[in-house]
Peer 1: 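Got a structure for you, written out below as structure tokens; questions coming shortly.
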Amino acid sequence: MPECPELHLAGRYINEACGGLVFEGGVQRSAVGRGPEVPFSSEAYRVTAASRGKELRLTLAPLGPGPSQALVFRFGMSGSFRLCEAASPPRHAHLRFFTRESPPRALCFVDPRRFGTWRLGEDWQPDRGPCVLLEYPAFRENVLTNLEDKAFDKPICEALLNQKYFNGIGNYLRAEILYRAKIPPFEKARTVLEALKHQEQNSSLTLSKKLKLKRDNPDLLELCHKVPMEVVAADKNLFDPSDSDNYAAFKNWLQCYLVPGMSSLRDRNNRTIWFQGEPGPMAPKGQKPHKKHAHLKADPEEAPTPTVTTRASKRRSGGAEKPPKPAVKEEEEKAVPDGSRKGRARGKKKVAAAPTLSEPDAPVRAKRNRTSTRRGRGEAGDFWSEGMVKGIRASRVLQDIARHPLTFCLLVSLPTFQVQPLQCEFCTLPSTHLSLWKRVTPPLLWRHAGLGCLVLL
DNA sequence: CGTCCACGTCTAC
DNA sequence: TAGACCTGGACGG
């Protein structure tokens, strides 16, 4: 399920599962893996991960002297990471990193369809934009300052898959986002986005009213951040590789994509767009929106209501659905995995030689004990109340919110506060994200309403 | 058994 | 703007 939430959760999985492990030896690549051999070997090294949009970077760092090796992965349609017994890796494990344990384990890049790949070096693919999940302000700015680009001549549903502007959005997210924004998928992208530029000044409201408005009516670009954030912050980890039962939870989270009663059409790239209501002015002709899609064995008793399904009615079958994942086979890794290799030999990929990149990056992990303010579902609760807001330099904050209407962050100033490099420990927001706020005022509290986490800085 | 479909890029007419 | 690149699950006959 690789869109940005899955990439991000894969990174979290790697950091949690491998954080305390020592790896050793070389990196093993399957005969049919898409990516290059990894010229790295070490007596003892650690593995860490970071994500950006639909890319995931692994860093192999020797415990002793010696250079680190970085790899940047794309997951294609079916990629994932998994830590398992080295002796019995899953099928289609195309890259393996071995731990230095007694029965060794292997961190595996697993990818049945092999559309995924990896490159050597630490650089993100240069023509992909900022991450919708982790670089929200930069993402928003990148879109709103480039609206003359012909990428925005297209219908919004197609523009949303353009990774130059929407790095991390994929087919299920675009459906979920447009559905919540109540925007017809084939409305022209520029029309939709131009409107966001102007609706940002909305004076004569109190701060808390504005915040509430923002929270209750997130615009399209905010939803590009907020919707994937929900997946990442879900109580039940919707994509925990070690819990195969959670696919049902994911299905249940979906409000539009694959949901019975919703309409669907093929866009100009022949990708299925799911939506509700009118398709919009740029809809391809000669295709009748086809509804239903009954072959979701997840909801057996679904009444065949011909009426337009409403929000309430489509919350199908509550938790009653059973996970549609039947087989847990995938074992019996045949010794010669894909000997066939019929048509077309593996094309020679021009491996972009990683040019040096300075990137001060190196985020200091400012560990804190998180005061667990876990609330369900992005609910801000009384945090937004007038009382809490008192004492902020409201004008500055408002000004900033107007420029970067981030519904999820709010800052409280404390005059004598020394700013330090830090990250939100929950979601590993990069320090670049924070710097935007540092310019306003030193933050004391930084809260992601979408995550329900409160971070003391 | 065969057909259709899938969470994504790429490049070749 | 088609395809190519792949495996595998769901579904129909």
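The figures here come from the full heavy-atom set of this structure, side chains too, leaving out hydrogens, waters and symmetry mates. A note on names: the letters A, B, ... follow the listed sequences, proteins ahead of strands, and every chain is numbered from 1.
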Peer 1: Between P on B:dT9 and CD on A:Q125, what's the gap in Å once rounded to a whole number?
Peer 2: 8 Å

Peer 1: Compare the minimum distances between each of C:dT1, B:dG8, B:dA6 and the side chain of A:F115, then state the nucleotide with the smallest one.
Peer 2: B:dG8

Peer 1: Please work out which of the three classes, parallel, tilted or perpendicular, describes the rings of A:F152 and A:Y165, given edges at 30° and 60°.
Peer 2: tilted

Peer 1: Return the value, rounded to whole Å, for the distance between atom CG of A:L56 and atom P of B:dG8.
Peer 2: 16 Å

Peer 1: Figure out the NE2/C1' separation between A:H94 and C:dC6, and round it to whole Å.
Peer 2: 9 Å

Peer 1: From C-beta outward on A:H92, which listed nucleotide comes closest to its side chain: C:dT1, B:dG8, C:dG8?
Peer 2: C:dG8

Peer 1: Whole-Å distance between B:dA6 P and A:R174 CZ?
Peer 2: 11 Å

Peer 1: Check every atom of C:dT7, B:dA6, B:dT9 against the side chain of A:P112 and return the nucleotide holding the closest atom.
Peer 2: C:dT7

Peer 1: Would you call the rings of A:F250 and A:Y172 parallel, tilted or perpendicular, where under 30° means parallel and over 60° means perpendicular?
Peer 2: perpendicular

Peer 1: Could you state the atom-to-atom distance from OH of A:Y257 to P of B:dG8 in whole Å?
Peer 2: 8 Å

Peer 1: Got a sec: does the CD of A:E278 have more than 12 other heavy atoms crowding it under 6.0 Å?
Peer 2: no

Peer 1: How far, in whole Å, is B:dC5 from C:dA2 if one measures between their P atoms?
Peer 2: 16 Å

Peer 1: Please state how far atom CZ in A:R266 lies from atom C1' in B:dC4, giving the value in whole angstrom units.
Peer 2: 10 Å

Peer 1: How about A:R266 and A:T272: does a side-chain donor come under 3.5 Å of a side-chain acceptor?
Peer 2: yes

Peer 1: Would you please classify the geometry between the A:F275 ring and the A:F186 ring as parallel, tilted or perpendicular, with 30° and 60° separating the classes?
Peer 2: perpendicular

Peer 1: Could you say whether A:Q163 or A:R113 is positioned toward the 5' end of DNA chain B, judged by the nucleotide with the nearest heavy atom to each?
Peer 2: A:R113

Peer 1: How close or far is atom C1' of B:dT9 from atom CG of A:L7, stated in whole angstroms?
Peer 2: 13 Å

Peer 1: If you measure from the P atom in B:dT9 to the same atom in C:dG9, how many Å do you get, rounded?
Peer 2: 23 Å

Peer 1: Can you tell me how far P of B:dT9 sits from CD of A:E3, to the nearest Å?
Peer 2: 9 Å

Peer 1: Of all the nucleotides listed (B:dT9, C:dG8, B:dG8), which has the minimum atom distance to the side chain of A:R128?
Peer 2: B:dT9

